[in-house]
Amino acid sequence: MNIPKSSLENFATAQADGSATLSTPPAACRLLPTHVGMGAFLLSEVAFFSTLITTYIVFLRQTKGSNPSPATVFHLPLVLTATGCLVASSATVHFAARAFRNGNRAGFLGWWGLTIVLGATFIACTAKEWSDLIGRWGLTISRNLFGSTYFTLVGFHATHVTVGLMILSIFWVLALRKRLDNSSHVGVEIVSWYWHFVDSVWIVVFSLVYLIGR
Amino acid sequence: MYVLMAIFFLVVAGCEALAIRWQLIKPGNDFLNPDTFNKFFTMHGTTMVFFMGMPILIGIANYVVPLQLGAHDMAFPRVNAFGFWTTLFGGCLAYFSFFVPGGPPAVGWFAYAPLTETTFSPKSGVDFWALGLLVSGVGTIAAGVNFVATILTMRCPGMTLTKLPFFCWTMLWTSLQILVAIPPLTAALIMVEFDRVLGAQFFNPQNGGSAYLWQHLFWFFGHPEVYILILPAFGMITEVVPVFSRKVLFGYEFMAAATMGIVFISMGVWAHHMFAAGMSRTLDMYFAAASLLVSIPTGIKFFNWLATMYGGRLWMASPMLFAVGFLAMFVLGGLTGIMLASAPFDLQVSDSYFVVGHFHWVLIGGTVFGVFAGIHYWFPKVTGRMLSERLAKWQFWLLLIGFILTFGPMHVSGLLGMPRRIFTYQADRPWQLWNQLSSLGAMIQAPSYLLFVINIGWSLRYGRPAGDDPWDAWTLEWATTSPPPSYNFSETPTVRSRRPLWDVKHPDDPDWKYE
């Protein structure tokens, strides 16, 4: 059943004739593996957060009636500040990525740095909120279902923000030391995708926990 | 490495299965005590699904997919290594539970709450089990990310998605399913651990938590999981059947659409595992109807395989033997699946040996036969040597006979009312004969797996040299040397049809004129 070796060796040439028209599509419309990989990873993150959010919804009725109740403990001005910071940071990371594409290093450092500051403010607000919840209201993860679902959902989101802040900071330091070149634009892009994703998750979490769930 | 790890865990979990069958050989047996029995079936199920089934499929695909695409390697080799080591580490974590006080978990592979709460499982076995699955799940997700990126962006010039080798197509959809199905399990396991370690209340009904929620979350993962286990096997069969029938695959487009159909439908049928848990009639009807829908795309696939074989010049070498075994066995498992999908029938046999018979029939008759077909097909490519056909045939027939004898009688003992997960039964029940047949079947199956391991070891050293293309096949992996160089192809190939090698071998009548 073996076929002559030579025909296999001539494989590329045998295929090449007349195939010029269907060769590689232009580079512009090709997604890089990194882009697709990040997209796939974010899909799995969507599934992960969907599960936590669904769980929150399942227990929503018990949560509303719990003691202490969400309406008592949530301090909206603080949460709104945090939300504002995060939404704004989505815009700044977008400007930063655009500055990077245009080779504007100062613009990139500025916008990217502002993103880090805004993200850190968000985390600081969460920290303040948690210290109130635990210290003032005695709401812990083991107190009741409100605590269990709230700290799990908001906690995993905050973890994602923290991880994002670390990655952002690494890029910022690298840019400061001039270690980023044109080939880094893919990295900058997928980090900004991740940041947009974390931001969109927060919009859902905020609406559910602080608006619907009160 | 993935495959070696999987074979190691296959042996471990196989020994657990043998111990279970030995215990059930006669009424009132005391080979295993009840607690050990529970631990063994928990670890057997967990191992076979997470540390044998998925790794062996991912391992084969890691090797074959880049070759079929005409790529040098997977998109992210380091993510690949990360996936492997986390999966192995997860397996070690789960098995570490054998060495902690209290031993491994005794909660069954789907670990229904509140059994997993500290009230009922105070020892750390469940913790190791949960962490093991969590960690290996991360590894599996990494593999899924890698496959999607590789298949979507690393195809060689000319290979549009409609010209994709079918195994790659099934791996693409399997990976998407991994990405959607595994994270909910990860989240649910985290909740279990929060309950156990931090005192959260998710699955603790006494404080308002919901044991029912765990069932939903687990099966939202658990049902797509069986398709994660079977779709790659479908892919392997779809590669093997045309080559050994010497015909083009019948109805490629329909096969491709059926794969998508199975993926989408299977995401919406999870609660057919929960009819017995008590749902509203509306939900019962929806999930029964949705589950029955899965049989349509699966039937399309089945008839396309038959149509591919019909009128072909069948070459019954070992890969084809396993493929035909797959076809014959899987259809029977599919039929009991249709029976179980109808809620009224399911209520009668839920948690009986009928269910055990059913899912072993599809997982072994489907996944294991499919994987053996794939391994016998690609072994010459991977090692440059042929497997011994004689040993392979012995292995096949022992497996087929042992398999039918083990799991066939389970359907009967189940219909006779034998519940699953009982460590023994009384002599006045009509179950003894059927259990003895099952245990006998297990004793016949065991040497078949042993022969497989022996065959691999023997053929690695003494096997006949394979040449580049021992099966006269048509996909790109057979165009490079056996074993392939680490860069796979010295020159990036260009393809113009679904069977690029056919075009090369038959320049007077190439496929691309017809597609």
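Since the model is a prediction, treat every value here as computed from it, not as a measurement. Sequence lines set the chain letters: A, B, ... in the order given, protein chains first and strands last, and positions in each chain run from 1.
For A/Thr149, the parts lying near chain B are the backbone and the side chain together; criterion is any non-hydrogen pair under 4.5 Å. Of the atoms belonging to B/Phe220, not a single heavy atom falls under 4.5 Å from chain A. Only the side chain of B/Ile190 comes within less than 4.5 Å of a heavy atom of chain A; its backbone N, CA, C and O stay farther away. Using a 4.5 Å cut-off between heavy atoms, B/Pro507 makes no contact with chain A at all. Residue contact with chain A, scored on non-hydrogen atoms closer than 4.5 Å, is absent for B/Thr160.
Taking CD1 of B/Ile178 as the start and OG of A/Ser44 as the end, the distance is 11.0 Å to the nearest 0.5 Å. We find the OG1-CG distance between A/Thr54 and B/Leu213 to be 9.0 Å, quoted to the nearest 0.5 Å.
The interface of residues 198-208 of chain B with chain A, defined by heavy-atom distances below 4.5 Å, comprises B/Leu198, B/Gly199, B/Ala200, B/Gln201, B/Phe202, B/Asn207, B/Gly208.
Residues A/Ala47 and B/Leu179 come closest through the heavy atom pair CB-O, 3.8 Å. Across all non-hydrogen atoms, the minimal contact from B/Phe194 to A/Ile141 is CD2-CD1, 3.8 Å.
Put simply, the side chain of B/Thr153 does not reach to within 4.5 Å of the side chain of A/Leu32, judged on heavy atoms. Using a 4.5 Å cut-off on side-chain heavy atoms (C-beta onward), B/Pro184 and A/Phe48 make no contact. Within the 4.5 Å cutoff, the side chain of B/Pro183 has no heavy atoms near those of the A/Glu45 side chain.
Listed by chain and number, the residues in a side-chain hydrogen bond (donor to acceptor under 3.5 Å, both in side chains) with A/Glu129 are A/Tyr150, A/Tyr210 (sequence neighbours excluded).
For CG of A/Asn182, the number of neighbouring non-hydrogen atoms (other residues, nucleotides, ligands) closer than 6.0 Å is 12 at most. The number of heavy atoms from other shown groups lying within 6.0 Å of CH2 (A/Trp130) is above 12.
Your options are A/Leu52, A/Thr55, A/Asn144, and the one with the most heavy-atom pairs under 4.5 Å with chain B is A/Thr55. Between chain B and the residues A/Phe151, A/Phe156, A/Phe41, the most heavy-atom pairs under 4.5 angstrom are made by A/Phe156. Most heavy-atom pairs under 4.5 Å with chain B: of the set A/Thr140, A/Leu43, A/Val58, this distinction falls to A/Leu43.
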